[in-house]
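Data first, discussion second: the structure below is written as structure tokens.
Lettering of chains follows the sequences in order, A, B, ..., and the numbering in each one begins at 1.
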Number of protein chains: 2
Amino acid sequence: MVRQPSINAQNRTPLSTERIIEAALHIVDGQGLGRLTMRRLGDALEVEAMAIYHHLPRGKEQLLDGLVAHVAAAPADASAPGRWQDVLRAWADGYRGRLLAHAGVLPLVVTRRNPAALAATLASLREVLRRGGVAEDAAAVAAHTLLGYVIGHAALEVRGTADDGAAARIASGEDGAVDWDARFRAGLGVVLGGVR
Amino acid sequence: MVRQPSINAQNRTPLSTERIIEAALHIVDGQGLGRLTMRRLGDALEVEAMAIYHHLPRGKEQLLDGLVAHVAAAPADASAPGRWQDVLRAWADGYRGRLLAHAGVLPLVVTRRNPAALAATLASLREVLRRGGVAEDAAAVAAHTLLGYVIGHAALEVRGTADDGAAARIASGEDGAVDWDARFRAGLGVVLGGVR
DNA sequence: ACCTGAACACCGTTCAAGT
DNA sequence: ACCTGAACACCGTTCAAGT
């Protein structure tokens, strides 16, 4: 006779790295990076904070690395059909949306050492350009420029949404709110238009 | 008879917001953002941590805002002679150097609300373009694109210096170390070349 | 006005112990 | 193997008190 495991003792879904990262991302998205603590994360998972260390031995460091990987590793589809300009435009739209949706992890993406995440994304951009017939050197430069622009623009947007009003008008002489979508597309045009 | 103030009691230079910010920046540059604590900052200033609150009533929040202002507010010289391309290239070089020299505050520049600092910088870029004969709309787009690129590229550089070696080669197929200076200049050419 | 000392409510992390 | 409980060395910040 086989025992039903769900009946006894602690019948809750066990912890896993994936569940931990997801719960952490949920906290960051909802309450901000500053409120992500091991204790609060434990609460959200209905577990003592110390249980997390069993799955992430490097502790909070490893947790933050996981968040970066989850958000920043989003390569372009090099096998997509169409002009490389359109493929990159579509990727950039998606990547920007990703960064804005998880704005709280942006400071981590910016400085945290996590080679694999961004390197893979960068390689996919080069591949799109290479397949599109752009020379190797120019492709490397363009991939770098594009990723830099998307990340930098997302950073400006995250900061900017707060000072659309009076502050921006006073300090910059700009008239009213910024249409960020249009701004981003226009800047994207500048970057892609500069690739030869 | 006038008393000599320097003789008595606590004859040390009194605290000031400027001294506090400078000491904080020194800690961040030397030991990283994570090691900037009010207590350590107090030690560096030879004062109890609580004394800082007398000069920065909003506490650490205000301290971090001050760091961002100190690093990110570096406008271009709109009255400089020469082609606008050269003026912006010179500004970009300087701004990049600034961000890299204080890489520890980069995550703060990226997300911390501090309208004045970036808005003033942005306005100066627009002014350079406007004086150079670029149309208002195109100037606004280009200023935004340029600042976004410089910040984003600096972020990639800060992260990248760690994975120049094997990690980058494996993940990206790139051959060896990246010449960041050349990369930056080339990307700058792409961005400026795209402005019409 | 400017700084100190003690205290409070938190942190991340370790370590031995439970099941 | 997986989780808990108590403990340690830190945090930022408040508040009353000193000069």
Side-chain angles (χ1 to χ4, degrees), chain A residues 3-25 27-28 31-68 104-105 107-108 111-113, chain B residues 3-25 27-28 31-68 104-105 107-108 111-113:
Chain A
R3 260 203 282 168
Q4 315 267 142
S6 63
I7 283 182
N8 22 351
Q10 334 221 44
N11 59 342
R12 44 180 171 163
T13 41
L15 233 44
S16 73
T17 306
E18 200 172 330
R19 271 189 62 218
I20 293 172
I21 300 284
E22 271 162 19
L25 197 58
I27 291 175
V28 173
Q31 314 186 47
L33 186 60
R35 289 188 58 82
L36 175 63
T37 70
M38 299 303 272
R39 284 169 160 94
R40 236 188 298 265
L41 182 55
D43 279 355
L45 293 161
E46 295 184 301
V47 118
E48 291 299 315
M50 299 73 200
I52 298 167
Y53 288 81
H54 202 266
H55 299 264
L56 304 176
R58 270 177 38 246
K60 195 166 189 185
E61 205 74 3
Q62 194 170 357
L63 178 66
L64 299 183
D65 284 349
L67 289 179
V68 172
V105 311
L108 301 178
T111 44
R112 199 139 269 273
R113 315 243 171 267
Chain B
R3 261 201 284 169
Q4 315 267 142
S6 61
I7 286 181
N8 21 352
Q10 333 221 45
N11 60 342
R12 43 178 171 166
T13 41
L15 232 43
S16 72
T17 306
E18 200 171 331
R19 271 189 64 218
I20 294 172
I21 300 285
E22 269 162 21
L25 197 57
I27 291 175
V28 173
Q31 316 185 46
L33 185 59
R35 289 186 60 80
L36 175 63
T37 69
M38 299 303 272
R39 283 168 161 94
R40 237 188 298 266
L41 182 54
D43 279 356
L45 293 162
E46 294 183 302
V47 116
E48 292 299 316
M50 298 74 200
I52 298 166
Y53 288 81
H54 202 265
H55 300 264
L56 304 176
R58 270 177 36 244
K60 196 167 189 185
E61 204 73 5
Q62 194 172 357
L63 178 66
L64 300 182
D65 284 350
L67 290 178
V68 172
V105 311
L108 300 179
T111 44
R112 199 140 270 273
R113 315 241 172 270

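You'll find the side chain of A/I20 stays beyond 4.5 Å of the side chain of A/T17, heavy atoms only. Using a 4.5 Å heavy-atom threshold, the side chains of A/L36 and A/L63 count as touching.
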- Task: Heavy atoms under 4.0 Å is the rule here; annotate nucleotides 12-19 of chain C 5' to 3' with B where the base is hit, S where only the sugar-phosphate is, and - elsewhere.
- Result: BBB-----

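Proximity of a side-chain donor or acceptor of A/R19 to a complementary backbone N or O of A/P14 within less than 3.5 Å is detected.
If you measure from atom CG of B/L56 to atom P of C/dA1, you get 18 Å, rounded to the nearest angstrom. Following rounding to the nearest Å, A/R19 (CZ) and D/dC2 (P) show an atom-to-atom distance of 13 Å. When rounded to the nearest whole Å, the span between NE2 of A/H54 and P of D/dC3 equals 7 Å. Remark: P of C/dT4 and CD of B/E48 are 5 Å apart, rounded to the nearest angstrom.
Of the nucleotides present, D/dT19 is the one that pairs with C/dA1 by Watson-Crick or G-U wobble criteria, both distances under 3.5 Å. With a cut-off of 3.5 Å on both pairing distances, the Watson-Crick or G-U wobble partner of D/dT14 is C/dA6.
Legend: residues meeting salt bridge (charged side-chain N to carboxylate O under 4.0 Å, His left out) with B/E48, ordered by chain and number and at least two apart, are absent.
Nearest approach of A/R58 to A/D65, heavy atoms of both residues: NH2-OD2, 2.8 Å.
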- Decide side chain to side chain contact (heavy atoms under 4.5 Å, CB included) for A/M38 and A/Y53; before the verdict, give the C-alpha distance in whole Å, the side-chain angles of both, and the deciding distance to 0.1 Å. CA-CA 9 Å; A/M38 299 303 272; A/Y53 288 81; 3.7 Å; yes

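Comparing D/dC2, C/dC3, D/dG5 by their nearest atom to the side chain of B/H55 picks out C/dC3.
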